[in-house]
Colleague: 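Here you go, one structure.
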Amino acid sequence: MNGYSQYKEKSIYSMSGPELLLLLFDETIKRLTRAEKSLEDKNYADFDDCIQRTTKIVRYLTDILDMQYPISYDLRRIYSYLVYDLSRVKAGRERRKDEIGRIRHILSELREGFEEASMKVNDMHMVAARELRG
């Protein structure tokens, strides 16, 4: 393994849960953008690969949901819908290319929501820590 790969692997292992979650969303958004470009270039192999990887990540997001929270049921429904929609995009390619932007928008909105929630949780922990010290 080369130095860059080791550095990248160490940085991933040192990330917090929320950081890893945001990284997954960033990867799906990046893959969908690449899929759109590949479709324009008629590079169907890369398009299929990007859609397949995006689908795997969304399925993983479904698998890691903690179902003890009510919001998890809603997220599972959204993720299931996205997997379904991604399968339609993959099957329809040219006919469904407008859907890629819509799917990317949904994932971007989810990412933004998780980022805001993460910042609020971190702020609350910092306030609690300050109160204990003082």
Side-chain angles (χ1 to χ4, degrees):
M1 185 182 293
N2 67 28
Y4 177 73
S5 295
Q6 288 175 342
Y7 167 77
K8 192 173 175 183
E9 188 174 322
K10 278 185 180 182
S11 69
I12 289 172
Y13 286 127
S14 66
M15 288 180 164
S16 67
E19 289 173 324
L20 287 170
L21 185 63
L22 295 177
L23 184 69
L24 288 170
F25 278 105
D26 289 342
E27 185 64 21
T28 61
I29 293 163
K30 181 179 91 174
R31 290 286 173 172
L32 287 171
T33 301
R34 187 170 154 188
E36 221 169 21
K37 176 76 170 116
S38 296
L39 194 56
E40 288 172 12
D41 296 343
K42 299 198 184 299
N43 183 351
Y44 297 121
D46 190 52
F47 168 81
D48 288 341
D49 181 61
C50 289
I51 296 296
Q52 182 178 2
R53 287 177 187 246
T54 300
T55 302
K56 282 182 181 181
I57 293 170
V58 174
R59 283 191 176 132
Y60 177 74
L61 291 170
T62 304
D63 291 344
I64 64 171
L65 284 172
D66 187 347
M67 298 310 290
Q68 74 179 7
Y69 299 103
I71 186 98
S72 297
Y73 292 96
D74 294 330
L75 287 170
R76 185 173 60 183
R77 290 178 58 207
I78 292 168
Y79 294 152
S80 295
Y81 171 74
L82 291 172
V83 167
Y84 168 75
D85 222 15
L86 285 164
S87 68
R88 290 178 48 214
V89 167
K90 188 174 178 183
R93 285 188 186 152
E94 300 289 342
R95 292 188 312 262
R96 303 266 186 218
K97 69 181 177 184
D98 295 340
E99 298 289 313
I100 296 172
R102 192 178 56 73
I103 294 168
R104 186 175 50 237
H105 176 75
I106 292 169
L107 289 166
S108 295
E109 292 286 321
L110 287 169
R111 185 206 184 281
E112 187 178 308
F114 279 114
E115 184 176 35
E116 286 177 22
S118 173
M119 289 190 305
K120 285 182 182 178
V121 168
N122 286 337
D123 287 346
M124 288 188 333
H125 285 254
M126 291 172 71
V127 169
R130 284 188 205 133
E131 288 174 4
L132 291 174
R133 290 185 204 152

Colleague: Knowing that exactly one of I78, T55, L61 qualifies, which makes a side-chain contact (heavy atoms from CB on, under 4.5 Å) with V83?
Modeller: T55
Colleague: Hey, are the side chains of D46 and C50 touching, using non-hydrogen atoms and a 4.5 Å cut-off?
Modeller: yes
Colleague: When you look at CZ of R77, are more than 12 heavy atoms from neighbouring residues, nucleotides or ligands closer to it than 6.0 Å?
Modeller: no
Colleague: Say you draw a straight line from NZ of K30 to CG of L23; how long is it, rounded to the nearest 0.5 Å?
Modeller: 8.5 Å
Colleague: Would you confirm whether S80, through its side chain, and R76, through its main-chain N or O, come within 3.5 Å as a donor-acceptor pair?
Modeller: yes
Colleague: Taking side chain as C-beta onward, heavy atoms only, is T28 less than 4.5 Å from I103?
Modeller: no
Colleague: Distance check, rounded to the nearest 0.5 Å: I64 atom CD1 versus R59 atom CZ?
Modeller: 15.0 Å
Colleague: Just so I know, are the side chains of L110 and L75 near enough to count as touching, which here means a heavy-atom distance under 4.5 Å?
Modeller: yes
Colleague: Hey, could you give me the CG/CD distance between L107 and E27, rounded to the nearest 0.5 Å?
Modeller: 12.0 Å
Colleague: Indicate yes or no: at least one non-hydrogen side-chain atom of D63 is less than 4.5 angstrom from one of Y79.
Modeller: no
Colleague: Which value, rounded to the nearest 0.5 Å, describes the distance between Y44 atom OH and K42 atom NZ?
Modeller: 4.0 Å
Colleague: Looking at E115 and R111, is any side-chain nitrogen of the basic one under 4.0 Å from a carboxylate oxygen of the acidic one?
Modeller: yes
Colleague: So for atom NZ, which belongs to K97, do other residues, nucleotides or ligands contribute more than 12 heavy atoms lying within a distance under 6.0 Å?
Modeller: no
Colleague: CZ of R104 to CG of L82: how many Å apart, nearest 0.5 Å?
Modeller: 13.0 Å
Colleague: Which heavy atom in I51 sits nearest to a heavy atom in A35, and how many Å separate them?
Modeller: CD1-CB, 4.0 Å
Colleague: Could you check whether D41 pairs with K37 (Lys NZ or Arg NE/NH1/NH2 to Asp/Glu carboxylate O, under 4.0 Å)?
Modeller: yes
